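Report on the following structure.
Given the structure is predicted, the values throughout are model-derived calculations rather than measurements. All ligand and atom numbering here is 1-based and tracks the order in the structure. Any value given below was found using the heavy atoms of this structure, including those in side chains, with hydrogens, waters and symmetry copies removed.
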Amino acid sequence: MSTRSEELLARARVLAVTELAALGREAEATSIVSDAWWQRLADTGLLRLTLPTKWGGEGLSLAEYFPILEVCAPVHGAIRMIVHGANGTWRALDRFGTDQQKAKLMPGLATGSYLGFCISEPRTGSGEDIGTTAVRSENGWILNGAKQWATLASKAQLIYIPAKARSASGEDLGITTFMVDPNGPGITRKHMAHTMGCKGLDHDVMFFDDAVVPHDRILGEIGGGLDVALRGFLDPSRLSIAASCVGLAQGALDQALEFSTRRTTFQKPISSRQYIQGRLADMATDIAAARALVMHTATAFDRGDEIIQEAAMCKYFGLEMVGRVTDHSIRVHGGVGYTSAYPIEQMYRDARGMWFEEGTAEVQKSVISRQAISKWVPTLPAEFYGPNPGPDSDEYAVLAD
Ligand SMILES: Cc1cc2nc3c(=O)[nH]c(=O)nc-3n(C[C@H](O)[C@H](O)[C@H](O)COP(=O)(O)OP(=O)(O)OC[C@H]3O[C@@H](n4cnc5c(N)ncnc54)[C@H](O)[C@@H]3O)c2cc1C
């Protein structure tokens with residue numbers, strides 16, 4: 001870690017118990033993230049940690065940034081998600097944007113502007129199962145359809161929207177990503193119902209009704225929209241959610257350790273009971289394993305490797321891990337853990353949002369297995385495994401004479 005990233009980490013630890021704690025309490029109590037609240041968070045500098053220095057950011061690598069994200073994660077779900085989003089969405093613009101697009105949008109990101117991303121739809125599945133259409137016209141692209149889970153659409157300057165592009169004559173041009181003004185003509189938004197955790201964040205359903213998007217708002221190539229979404233944004237973003245899971249789980253373990261050494265039953269602290277110790281050991285081991293996987297993958301990303309399978313593994317392991325750890329922690333607390341008097345109650349709810357953000361466990365498992373099958377190379381020479389009749393063989397799997 002560089003001296004600068006160590007300074008920023010030390011500062012984040014101070015902020016966690018001062019400004020971030022205050023912002024978290026406010027978001028939890030009001031279920032609103034106001035513009036003033038947002039600016040206070042931006043003023044901490046936490047929204048520009050990974051943004052390149054040429055655009056006014058700190059330019060931290062993922063391996064330098066994740067320990068700071070870990071500190072933010074247990075404080076409050078809204079803070080965690082905004083820090084995660086702001087330090088991630090610029091990457092798609094950086095990798096696929098034109099010089100003009102970058103010059104126009106990047107500098108504002110250092111002072112609190114936000115770029116959203118919305119691929120999810122109410123009537124289709126994940127990934128390339130997209131129903132929203134974009135038809136090329138003289139004045140721009142005409143979008144029709146609907147997206148849901150447009151997180152922080154109310155705060156975003158522009159939102160990346162992948163849609164199925166067509167020429168004016170109806171020719172299929174492939175999935176293309178558009179940078180859409182959430183307040184643009186032909187767009188209406190409705191807030192989704194309140195979520196279990198991460199209070200204060202708004203998530204919108206966006207309806208596109210002949211919404212015109214200018215020609216210069218295409219990000220990347222026409223037909224290259226899935227690459228923009230997956231390689232430009234989702235791979236590092238899945239890894240970042242996994243780092244958030246590690247940080248939140250660490251907070252849940254800290255709470256369980258603190259509580260279990262203070263709570264006494266039958267004249268002994270519950271931390272002296274083997275059943276409780278087993279839970280603490282399972283939590284600590286789970287977190288250590290997830291952190292090692294995340295940091296290993298962060299280092300690979302920082303040196304320029306593709307991390308398609310590794311990011312999905314991190315997200316899959318991280319989301320299951322944070323579920324197990326918060327389950328253990330709330331149960332170590334006993335009944336009081338179920339009340340809002342203890343931080344674990346909020347952490348438990350905030351953790352569950354990460355089961356879904358950037359894809360469910362099932363989606364990660366399908367990415368991991370697809371990669372495993374397509375890239376499989378036997379670790380040992382085939383002779384090691386002996387004769388294998390194979391599925392088309394007439395031989396039966398009978399005991400040899
Ligand atoms: C807090 C929060 C913030 C979010 N923010 C954003 C955002 O900013 N932008 C955005 O685009 N989206 C966002 N999302 C949406 C999120 O990405 C989706 O909820 C997630 O990808 C799952 O999609 P779905 O909800 O449509 O579930 P569905 O696709 O309806 O899936 C329902 C269940 O079926 C399973 N399933 C579905 N298809 C298959 C299949 N082919 N094979 C096996 N199992 C399958 C799923 O794994 C899941 O268990 C957010 C979600 C949450 C909860």
Side-chain angles (χ1 to χ4, degrees), residues 27-28 31 33 73 76-92 114-132 143 145-163 175 177-180 182 189-208 219 225-226 228-230 232-238 240-242 244-245 248 311-312 315-316 318-320 322-323 346-370:
E28 194 64 24
S31 286
V33 163
H76 194 267
I79 293 170
R80 187 275 306 163
M81 202 189 289
I82 296 168
V83 172
H84 149 79
N87 283 290
T89 50
W90 64 267
R91 287 182 197 282
Y114 186 72
L115 297 173
F117 167 78
C118 193
I119 190 167
S120 301
E121 299 194 353
R123 302 205 195 289
T124 60
S126 299
E128 56 190 296
D129 190 12
I130 287 174
T132 302
L143 267 64
K147 295 279 177 188
Q148 68 178 1
W149 289 110
T151 298
L152 293 164
S154 64
K155 298 285 182 294
Q157 184 182 0
L158 294 172
I159 304 184
Y160 304 138
I161 300 282
I175 294 171
T177 295
F178 298 86
M179 295 189 284
V180 175
R189 294 189 279 115
K190 282 196 189 327
H191 282 339
M192 295 178 73
H194 293 299
T195 51
M196 176 192 286
C198 304
K199 298 284 181 195
L201 293 176
D202 51 81
H203 310 275
D204 285 2
V205 182
M206 292 178 77
F207 300 95
F208 304 95
L219 184 58
L226 263 194
V228 172
L230 297 174
F233 173 70
L234 272 176
D235 288 341
S237 199
R238 284 177 175 159
S240 169
I241 296 280
S244 306
C245 291
L248 195 146
K315 168 82 214 285
Y316 169 48
L319 76 88
E320 298 289 9
V322 81
Q346 178 203 307
M347 288 183 192
Y348 185 90
R349 288 183 286 105
D350 286 350
R352 268 120 191 100
M354 294 191 284
W355 284 351
F356 310 105
E357 293 166 41
E358 329 301 27
T360 60
E362 289 75 14
V363 165
Q364 310 308 325
K365 282 193 270 193
S366 77
V367 173
I368 296 163
S369 58
R370 255 202 321 270

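Considering both main-chain and side-chain atoms, Glu357 never comes within under 3.5 Å of ligand 1 through any nitrogen or oxygen pair. Note: no N/O pair closer than 3.5 Å links Val363 and ligand 1 by distance alone. Taking distance alone, with nitrogen or oxygen atoms compared against 3.5 Å, Glu121 stays at or beyond that limit from ligand 1. At a 3.5 angstrom cut-off on N or O pairs, Thr360 counts as close to ligand 1. Residue His203 places no N or O, backbone or side chain, under 3.5 Å from any N or O of ligand 1.
Pairs passing the salt bridge (Lys or Arg N to Asp or Glu O under 4.0 Å) check and including a residue from residues 360-369, sequence neighbours excluded, do not occur.
When Phe356, Phe117, Phe233 are checked for heavy-atom proximity to atom 53 (C) of ligand 1, Phe356 turns out nearest.
Atoms of ligand 1 found under 4.0 Å from any heavy atom of Met81, numbered from 1 in the order shown, are 1 (C). Close contacts of ligand 1 with Thr151, meaning ligand atoms under 4.0 Å from a residue heavy atom, involve 3 (C), 4 (C), 5 (N), 6 (C), 7 (C), 8 (O).
Residues satisfying the side-chain contact (heavy atoms from CB on, under 4.5 Å) criterion with Ser369, sequence neighbours excluded, are absent altogether.
Neither the backbone nor the side chain of Lys147 comes within contact range of ligand 1; no heavy atom lies under 4.0 Å.
Between atom NZ of residue Lys315 and atom CG of residue Asp235 there is a gap of 13.0 Å, rounded to the nearest 0.5 Å.
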